[in-house]
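The first residue in the sequence is number 1, and the count goes up from there. Since we're looking at a predicted model, the values are computed, not measured. Side chains are part of it too, since the values below use all heavy atoms of this structure and drop only hydrogens, waters and symmetry mates.
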Amino acid sequence: MRQVKVQSRTGVRATKKRSSKIAPGKRRNVSAMSTFGRRKERPAGPFAIWFDNLREGNFGTRPFAFCALALIMGVIVYGILIGGHAQAAVDAAGRQANRVLALSGFSIQNVTVTGRAQTRKDDLLEAVGVGRGDPIFGFDTEAARQRIEQLGWVRSATVTRLLPDTIRIEVSEREPFALWQRGGALSIIDAQGQPIADEGVQDFAHLPFIVGFGAPREAPALLNLMRAEQPQLLQRVRAFVRVSDRRWNLRLENGVDVNLPETGVGKALSDLAAYDTKHKVLSRDIVSIDLRLPDRVSVKLTEDAAASRGIATEAKIKNGVVRPGDAARGGNT
């Protein structure tokens, strides 16, 4: 077939483009290669350029300024943490936040108390340590609970927030058990022998009266024993006297002293009740009854009774002997 030459209007002959024998993908690779067929090197990164400049002595001061600034900030943060200023800053920020919340209505306006009978209201409010208008979120309920439980009458307490403006306090008080005299001081104690208060003891004159050091610890056992086994005898006791922290003396309402042994108290009380039922020994003119020896009872008469011989000089009671004016062997301890 005959080939027709194409001529442009301008008279310039257009030459036909030669097609390349290199595939398009390979042609791109060739352009990225050097004349010797090796891949051209990638341009150096900022760190490499900075390192080269540093090696040649040609560097700027900006990196060193950044390092110095980071070092200064590190020293400041370390000083704050070590010096305890961080917590102070956090606390200050918390206080400011609580003030803002208080202005928004979250402030203490009411304090409600349940379970209070003997604890004085003023003492309780002082232990709570809040004022009207204080931020409610700034109130430490756990610290308030611990302060309240340090009050004498309080056994346990619960303190809670009732948003937006109320603090609720629930109190469980101790039960008064007896009056304790040691030296010249009087205290109210509970059933565990723990002192409750030294004030207002006149309001509890109906409670059992115990005397001596160590008495609060041992009195509950004796009183519970007598309530269970000798309630009639218990009603006649005016005071329980602890002797040398080893044993008890009972001071009866008519002034008679009953000396109890260190051990076998239950049997001694039972024998005393039997003696009194049979011989009315507790209603006679006597000073004391000694039950410290298991095989006998010794009775000491008053001087008038001994002179008038109101009781026989020697009367047999069960297996024991009543001797007027004598005390049981072993002394008065």
Do any N or O atoms from the side chain of [X] and from the backbone of [Y] form a donor-acceptor pair under 3.5 angstrom?
| X | Y | result |
| --- | --- | --- |
| Glu173 | Gln118 | yes |
| Thr277 | Ala273 | yes |
| Arg174 | Pro195 | yes |
| Arg161 | Ile136 | yes |
| Arg182 | Phe213 | no |
| Asn249 | Val241 | no |
| Gln181 | Val211 | no |

Any side-chain heavy atom of [X] within less than 4.5 Å of one from [Y]?
| X | Y | result |
| --- | --- | --- |
| Arg247 | Pro261 | no |
| Leu124 | Ile148 | yes |
| Asp134 | Phe139 | no |
| Ile210 | Ile189 | yes |
| Val243 | Asn259 | no |
| Leu291 | Asp271 | no |
| Thr119 | Val113 | no |
| Ile196 | Trp180 | no |

Within a 6.0 Å radius of atom [atom1] on [X], are there more than 12 heavy atoms belonging to other residues, nucleotides or ligands?
| X | atom1 | result |
| --- | --- | --- |
| Glu262 | CD | yes |
| Glu175 | CD | no |
| Glu170 | CD | yes |

Would [X] and [Y] show up in the same hydrophobic cluster when neighbours are defined by side-chain heavy atoms closer than 4.5 Å?
| X | Y | answer |
| --- | --- | --- |
| Leu250 | Phe177 | yes |
| Phe240 | Leu207 | no |
| Val171 | Trp153 | no |
| Val281 | Leu234 | yes |
| Leu260 | Leu225 | yes |

For [X] against [Y], the heavy-atom pair lying closest together:
| X | Y | result |
| --- | --- | --- |
| Glu218 | Arg242 | CG-NH2, 3.5 Å |
| Ser283 | Arg236 | OG-NH2, 4.1 Å |
| Leu272 | Leu282 | CD1-CD2, 4.0 Å |
| Ala197 | Val201 | O-CG1, 4.5 Å |
| Pro220 | Ala191 | CG-O, 3.1 Å |

**Request:** Go through the structure and list residues passing salt bridge (charged side-chain N to carboxylate O under 4.0 Å, His left out) with Arg227, not counting sequence neighbours.
**Result:**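 Arg227: no salt bridge (charged side-chain N to carboxylate O under 4.0 Å, His left out) contacts found.
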**Pair Arg217 + Asp245: basic N to acidic O under 4.0 Å** =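 Salt bridge: yes.
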**Asked** Do we see a donor-acceptor contact under 3.5 Å between the side chains of Gln109 and Ser107?
**Response** yes
**Message:** Under a plain distance cut-off of 3.5 Å, with no hydrogens placed, do Gln146 and Glu142 share a side-chain donor-acceptor pair?
**Reply:** yes
**Message:** Before you tell me yes or no, could you show the steps for Leu179 and Ile188 under side-chain contact (heavy atoms from CB on, under 4.5 Å), namely the whole-Å CA-CA distance, both residues' side-chain angles and the distance that decides it to 0.1 Å?
**Reply:** CA-CA 5 Å; Leu179 295 181; Ile188 306 168; 3.8 Å; yes
**Prompt:** Between Thr141 and Thr160, does a side-chain contact (heavy atoms from CB on, under 4.5 Å) hold up when you go through it step by step?
**Reply:** CA-CA 6 Å; Thr141 56; Thr160 55; 6.0 Å; no
**Prompt:** Could you state the interatomic distance from CG (Asp257) to CG (Leu252), rounded to the nearest 0.5 Å?
**Reply:**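 Here the interatomic distance stands at 7.5 Å.
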**Atom pair CD (Gln150) and CZ (Arg145), whose distance is rounded to the nearest 0.5 Å** = 10.5 Å
**Request:** Taking side-chain contact (heavy atoms from CB on, under 4.5 Å) as the test, write out the residues that go with Arg147, two or more places apart.
**Result:** Ala127, Ala143, Ala144
**Request:** I would like to know whether Met226 and Val237 meet side-chain contact (heavy atoms from CB on, under 4.5 Å); could you show each step before the answer?
**Result:** CA-CA 10 Å; Met226 295 189 69; Val237 179; 4.0 Å; yes
